There are 2 protein chains.
Amino acid sequence: MNILLIEDDDVLADGLTHTLSDSGYCVTVAKTGTYAEHLLKAEGFDLIVLDLGLPDMDGLQLLRKLRSQKLSLPIMILTARDDLNDRIEGISQGADDYMTKPFELRELEARLHALIRRCYGGFSHIIEVGSLQLDTSSQKILAKGELLSLSAREYAVLELLLMQNGKVISKDKFAQHLSLQGDALTDNAIEVYIHRIRKHIAPYDVGIRTFRGLGYLLENKLND
Amino acid sequence: MNILLIEDDDVLADGLTHTLSDSGYCVTVAKTGTYAEHLLKAEGFDLIVLDLGLPDMDGLQLLRKLRSQKLSLPIMILTARDDLNDRIEGISQGADDYMTKPFELRELEARLHALIRRCYGGFSHIIEVGSLQLDTSSQKILAKGELLSLSAREYAVLELLLMQNGKVISKDKFAQHLSLQGDALTDNAIEVYIHRIRKHIAPYDVGIRTFRGLGYLLENKLND
DNA sequence: TCAAAACTGTCAATAACCTTACAGCTAATG
DNA sequence: CATTAGCTGTAAGGTTATTGACAGTTTTGA
């Protein structure tokens, strides 16, 4: 995780660099806004810690500038000013959080963690097989990025195949997974759904292999 | 935007409810942790404001419990305790931000805005799908820059589609998000609203796609 | 070669959805 | 206050997609 620390005070910069490095972050210090902008163009940072009191440029101004350039990084601002308006201004200008100096390093660390978790702790639950992608949280199955339009039943069947990827799924399993209240599906009904799904995914690099008497397996046609 | 306020102090709860309602949020108050849990199961909130000093349950405990249930809502905690450890503990237990009492309402509002922006809109306070724009801070929906005149219900439906952009939203979800006072909406009511919204956005490049048996998805008609 | 298992297209019943009309209600307006 | 306009949810009829049974065909493995 790369952090850009925009801070002109050597002592504070050193302290922060030390603490954050110890927690496993990679910290780069920019002493001026101009240099920070330069670094941002070149390198891939994940988070910015910005002290509003800079020598060459007003911090809020820099903040505005960065956001107007569609920079989407999370930004934590540090300020010595205890003025409420400044703090609100900072947040409404696009900062994600701020801390007022003097602050406890441990608290800054905790807040940075929260910020990172919220921004990158992507809970995207995507299962991939070949060019198929199952996104369980958004209830979608994509093939080569295109949204497959499946019926509820078809979705449920393909979902099971993807979730249990690598396993041979018996018709009983499908019936269990599909039937809401006891009334079991016939084996043939499952066959029908497998048939329909095969039609849907025919253009792509995955197929459903039959294991006679056992069930079905989703597999990548190319390399296993 | 539905906010669950977990707060036992009537005065504070009333004040917050007023302020946030004025800013266009729909606020529900839970006076106990137990009741909050109950509400969270039944209804669709977008944000939680949690006071750590609750009568029936330790706030941190509730926080831990919610997170362990994989609840991914953004959470802002309020605390009277000035103890650094408590604050850090709160954040590391999964809160996204905190404020120490007493605080300025304006600042809380600004922070809530920042939280919403970060969680639902990337770095911007505007969520864009095609030529539709949801402005989460002013609670407006624009289409090609023009303000859509939607009724409260229509707005709520489209808001959910935009906030959960990319996800297939079931009718249950809509019902949860819309009915914050017990009485559930029928499926048909949702269908009627979808119909009305389709009329509104017909001239533009976004549409609502039906997934039979699953729900609805907002999508850009042109490129995905 | 035979029987079992799986495949496939058709079809009627059904469930899901769309659409319009309307009645009760609320909020604004004169 | 009375009137109007708009919002909200229900009802009802029409439309379409889904579902699973069926029956004929093909494949498989012993």
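By convention in this document, chain letters (A, B, ...) are assigned in the order of the sequence lines, proteins followed by strands, and residues within each chain are numbered from 1. What you are looking at is a predicted structure, and each value in this text was computed from that prediction instead of being measured.
Using a distance-only test at 3.5 Å, with no hydrogens or angles considered, no donor-acceptor pair links the side chain of A/Lys144 to the main chain of A/Pro203.
For C/dA6, the OP1/OP2 oxygens have no side-chain nitrogen or oxygen of A/His195 closer than 4.0 Å. Not one side-chain nitrogen or oxygen of B/Arg196 sits closer than 4.0 Å to the OP1 or OP2 atom of D/dT8. Between A/Lys199 and C/dG9, a side-chain N or O to OP1/OP2 separation shorter than 4.0 Å is present. Using a 4.0 Å cut-off, some side-chain N or O of B/Thr186 falls inside it from OP1 or OP2 of D/dT10. At C/dC18, one or more side-chain N or O atoms of B/Thr210 fall inside 4.0 Å of OP1 or OP2 (strictly under the cut-off).
Ion pairing between a basic and an acidic side chain is recognised when a charged N comes within 4.0 Å of a carboxylate O; B/Arg118 and B/Asp96 show no such pairing.
Between B/Ser149 and B/Ala189, the one whose closest nucleotide on DNA chain D sits nearer the 5' end is B/Ser149.
Which of C/dC7, C/dA5, D/dG9 sits closest to the side chain of B/Tyr193 comes down to D/dG9. Out of D/dG20, C/dA6, D/dG9, the shortest distance to the side chain of B/Leu185 is found at D/dG9. Checking D/dC22, C/dC7, D/dT8 against every side-chain atom of A/Val192, the shortest atom distance belongs to D/dC22. Of the candidates D/dT8, C/dC17, D/dG29, D/dG29 carries the atom nearest the A/Arg212 side chain, counting heavy atoms from C-beta on. Across D/dT18, D/dA21, D/dA12, the shortest atom-to-atom separation from the side chain of A/Ser151 is found for D/dT18.
In this structure, A/Phe211 atom CZ and C/dA6 atom P are separated by 13 Å, rounded to whole Å. As rounded to whole Å, 13 Å separates atom C1' of D/dT10 from atom CD1 of B/Ile190. Between the CG atom of B/Leu214 and the P atom of C/dA15 there is a distance of 17 Å, given to the nearest Å. Rounded to an integer number of Å, the gap from A/Leu150 CG to D/dA17 P is 15 Å. The separation between B/Arg209 atom CZ and C/dC18 atom C1' is 18 Å, rounded to whole Å. As rounded to whole Å, 13 Å separates atom P of D/dA17 from atom NE2 of A/His200. When rounded to the nearest whole Å, the span between CD1 of A/Ile197 and P of C/dA6 equals 16 Å. For the pair B/Glu191 CD and D/dG13 C1', the computed distance is 14 Å after rounding to whole Å.
No more than 12 heavy atoms of other residues, nucleotides or ligands shown are found within 6.0 angstrom of NZ on A/Lys173. For B/Glu146, the CD atom counts as loosely surrounded, since its 6.0 Å shell holds 12 or fewer non-hydrogen atoms of other residues, nucleotides or ligands. Other residues, nucleotides and ligands place no more than 12 heavy atoms under 6.0 Å from the CZ atom of A/Arg209.
For A/Asn188 against C/dT8, a side-chain-to-base donor-acceptor contact under 3.5 Å is present.
Side chains of B/Met163 and B/Met1 form a contact here, defined as non-hydrogen atoms less than 4.5 Å apart.
Among the heavy atoms of the strands lying under 4.0 Å from A/Tyr216 are primed sugar atoms or P, OP1, OP2 only; no base atom is included.
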